[in-house]
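One-based numbering, in listed order, for ligands and for the atoms of each. All figures in this text were calculated on a predicted structure; none of them were measured in a lab.
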Amino acid sequence: MESLTEAFRALGDPTRLRILKLIAAARLNVTEVVSLIGVGQSSVSHHLTRLKALDLIREERLGTYTYYSLAADEKAPLWPLIQLARTSEDPHGDAGRLNELLRRREDVQTLNEKLLEPGQSWHLWSAALGSLLPPLDVVDFGCGTGVLTLELARWAKKVTAIDKSEPVLARARAAAEREGLTNIAFLAADLCELPLPSSSADLVVSSQSLHHVEDIAAVLAEGARLLRPNGRLVVLELFPHGEEWVKSRLGHEHLGIEPAVLEAAMRAAGLEPLTQRLPAVKGPQSPFKAFLVTGTRARKPHGKQRAA
Ligand SMILES: C[S@@+](CC[C@H](N)C(=O)[O-])C[C@H]1O[C@@H](n2cnc3c(N)ncnc32)[C@H](O)[C@@H]1O
């Protein structure tokens, strides 16, 4: 009780609340916090020390920098306080500056991978693993700007990349041209009703697209219909989360999908077995955690597929 009172008192300070909100969103060092909130370094250090004393944040040395991240998780007694900080208003626009900082950080990381450490690049690993597969006809559901499409096209026989948005398809097309990939057919269409022949694909991939559509069952039925017998549907989705803002800002229809619900819908579409599920965590504090489910189209077509 005493520690809760003390914590509430500490977070009565608006600057400290801003700092906790930022650290709840991303691991940051002192210089980064200073640049985000525009308060002097000694003051920021003082606030960080207070938050650390309350066991709300922890520090960790990485190279020459000390980084701060959340120390408490959902089970901690002070978690409601962290939730309070996370959902508090952002009158100074800290979130926007944080996004920009993270984007710049990512750019440096990408540059490092591309220019300095090619052996560690996931692009190369993706191509290496893909080269072990036979040449497959692949359909990419909700290809977006084509990041995944391009990786698939490096080893696939052909990729049909589908998205309902013409502007993102244009970006994907331009990226494919830049990379000299000529085995991609781009298609502007609704995943619920596709102008593609049944039993024409070996692999259908849906990466973070299902949470954008209202009628998940209709999309899965289309995926199953397109598959040849023994073809695979691979779905990467987000676990259920509470980030309501993604509906208005990113156009999500669902706040993640319960794996059991997805599996039941895949079974109903005639896809079995569904055994694989790999949780892939984006970052320790990220509310977005992903999982994979794969399903195989039975040799004998399921009711809906038979009719198609
Ligand atoms: C989060 S992006 C996924 C991008 C990509 N698959 C990846 O993993 O990087 C979701 C995409 O699905 C598309 N989408 C959403 N609903 C759709 C629908 N009903 N039909 C076709 N595309 C849709 C959106 O336009 C968006 O580009």
**Fill in**
Taking only non-hydrogen atoms of Asp190 and a 4.0 Å limit, the atoms of ligand 1 in range are 18 (C), 19 (N), 20 (N)
**Fill in**
Per-atom filter on ligand 1: closer than 4.0 angstrom to a heavy atom of Ala189 are 20 (N), 21 (C)
**Message:** Between Arg249 and Glu243, does any NZ, NE, NH1 or NH2 come within less than 4.0 Å of an OD or OE carboxylate oxygen?
**Reply:** no
**Prompt:** Any N/O of His211 closer than 3.5 Å to an N/O of ligand 1?
**Reply:** no
**Request:** Give yes if a backbone or side-chain nitrogen or oxygen of Cys192 is under 3.5 Å from a nitrogen or oxygen of ligand 1, and no if not.
**Result:** no
**Asked** Does the pair Glu100/Arg97 count as a salt bridge with the N-to-O cut at 4.0 Å?
**Response** no
**Item:** Atom indices of ligand 1 within 4.0 angstrom of Gly144 heavy atoms, with elements
**Value:** 27 (O)
**Prompt:** Is it the case that Ser199 and Arg228 place a side-chain donor and acceptor less than 3.5 Å from each other?
**Reply:** no
**Item:** For atom 15 (C) of ligand 1, the protein heavy atom that lies nearest, with its residue and separation
**Value:** His212 CB, 3.4 Å
**Asked** Taking heavy atoms and a distance under 4.0 Å, where does Cys143 meet ligand 1: side chain, backbone, both or neither?
**Response** backbone
**Message:** Is it the case that ligand 1 has an N or O less than 3.5 angstrom from some N or O of Gly142?
**Reply:** yes
**Item:** atom 8 (O) of ligand 1 [closest protein heavy-atom partner, distance rounded to 0.1 Å]
**Value:** Ser207 OG, 2.7 Å
**N-O pairing of Asp202 and Lys157 below 4.0 Å** = no
**Request:** Using heavy-atom distances, let me know which of Lys164, Glu151, Glu193 sits nearest atom 18 (C) of ligand 1.
**Result:** Lys164
**Request:** Identify, for atom 26 (C) of ligand 1, the protein heavy atom at the shortest distance, and state residue, atom and that distance.
**Result:** Asp163 OD2, 3.5 Å
**Request:** List every atom of ligand 1 that sits less than 4.0 Å from any heavy atom of Val213, numbering the atoms from 1 in the order shown and giving each element.
**Result:** 16 (N), 17 (C), 18 (C), 19 (N)
